[in-house]
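Beneath this line is the structure, given in structure tokens, with notes to follow.
Side chains are part of it too, since the values below use all heavy atoms of this structure and drop only hydrogens, waters and symmetry mates. We're numbering straight along the sequence, starting at 1. All ligand and atom numbering here is 1-based and tracks the order in the structure.
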Amino acid sequence: MPVTPDDARLMDVQQGGRCFFCDGPVGAKSTFDHLIPQAYGGIDDPANVVLAHRRCNQRKEDRLPTDEELDRFFALRRSSRLGVWPPLRVLRDEGEGADEEERWIAVAQAISQTIAQQIARQR
Ligand SMILES: [Zn+2]
């Protein structure tokens with residue numbers, strides 16, 4: 001589900017009105033950054049999205065979130081209805097020691113599993 005204006009407001013409150021990446025105030029100029037990039041199958045859903053400056057969003061481009069960013073994201077979402085997209089959990093559990101390629105493979109597998117589960121549930 002795409003991010004609704006309500007979701008965006010809640011995100012803004014939870015992030016204290018600050019950019020997820022640089023911690024500077026974002027104000028009305030915030031953009032949605034997809035933690036798992038859409039180019040690699042990340043969904044356009046609050047469970048995969050944070051608020052960020054346009055420039056920070058652009059600087060991040062199409063990389064995966066770091067362990068530190070994942071930790072902060074999980075802390076923000078601990079008791080939030082915005083939730084956490086399951087492949088992000090897999091990425092965190094894959095965690096330290098995994099090289100970039102292993103992380104991408106883990107994410108790709110988690111995304112296909114998540115989609116398969118959703119399809120199974122709809123039947
Ligand atoms: Zn920023």
Side-chain angles (χ1 to χ4, degrees):
M1 261 196 305
V3 181
T4 66
D6 268 359
D7 295 332
R9 267 191 293 275
L10 182 54
M11 247 179 244
D12 188 48
V13 170
Q14 285 178 348
Q15 290 183 215
R18 293 180 176 275
C19 171
F20 183 76
F21 296 103
C22 75
D23 205 37
V26 276
K29 288 193 214 140
S30 59
T31 60
F32 299 127
D33 183 74
H34 299 82
L35 284 179
I36 294 179
Q38 287 184 291
Y40 294 92
I43 55 170
D44 188 30
D45 184 285
N48 185 44
V49 164
V50 292
L51 293 180
H53 291 119
R54 186 172 301 278
R55 66 171 185 273
C56 293
N57 194 339
Q58 280 165 350
R59 199 176 300 145
K60 177 174 169 284
E61 292 182 337
D62 285 340
R63 67 164 172 81
L64 287 172
T66 63
D67 289 335
E68 186 271 334
E69 286 162 358
L70 285 169
D71 285 346
R72 275 195 290 127
F73 182 72
F74 278 83
L76 278 171
R77 297 296 165 87
R78 193 164 288 138
S79 55
S80 167
R81 71 164 177 83
L82 295 173
V84 171
W85 195 37
L88 287 164
R89 292 187 196 284
V90 172
L91 184 58
R92 185 188 57 172
D93 295 344
E94 182 76 5
E96 281 149 59
D99 68 27
E100 195 66 10
E101 196 182 329
E102 288 168 340
R103 286 163 62 90
W104 281 112
I105 292 169
V107 165
Q109 286 171 341
I111 290 172
S112 62
Q113 270 169 19
T114 303
I115 292 168
Q117 281 163 6
Q118 281 167 349
I119 291 168
R121 233 177 281 140
Q122 282 161 9
R123 286 202 177 122

Within 45° of the six-membered ring axis of Phe74 and under 6.0 Å from that ring's centre, is NZ or CZ of Arg92 located there?
->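 Because its charged atom sits under 6.0 Å from the ring centre and within 45° of the axis, Arg92 does stack over Phe74.
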Out of Asn48, Thr114, Leu91, which one pairs with Pro86 under the side chain to side chain contact (heavy atoms under 4.5 Å, CB included) rule?
->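 Only match with Pro86 under side chain to side chain contact (heavy atoms under 4.5 Å, CB included): Thr114.
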Contacts of type side-chain contact (heavy atoms from CB on, under 4.5 Å), residue Glu61, not counting sequence neighbours |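 Here no residue qualifies.
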Separation between CG of Leu51 and CZ of Arg18, rounded to the nearest 0.5 Å =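 Rounded to the nearest 0.5 Å, the CG-CZ separation comes to 13.0 Å.
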Calculate, to the nearest 0.5 Å, the distance between atoms CD1 and CD1 belonging to Ile111 and Ile43 respectively.
->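 Ile111 CD1 to Ile43 CD1: 9.0 Å, rounded to 0.5 Å.
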Carboxylate-amine/guanidinium contact Glu69 Lys60, below 4.0 Å |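 Salt bridge between Glu69 and Lys60, a charged N being under 4.0 Å from a carboxylate O: no.
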Protein N/O/S atoms under 2.8 Å of the Zn ion (ligand 1)?
->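 The answer, once waters are left aside, is Cys19 SG, Cys22 SG, His53 ND1, Cys56 SG.
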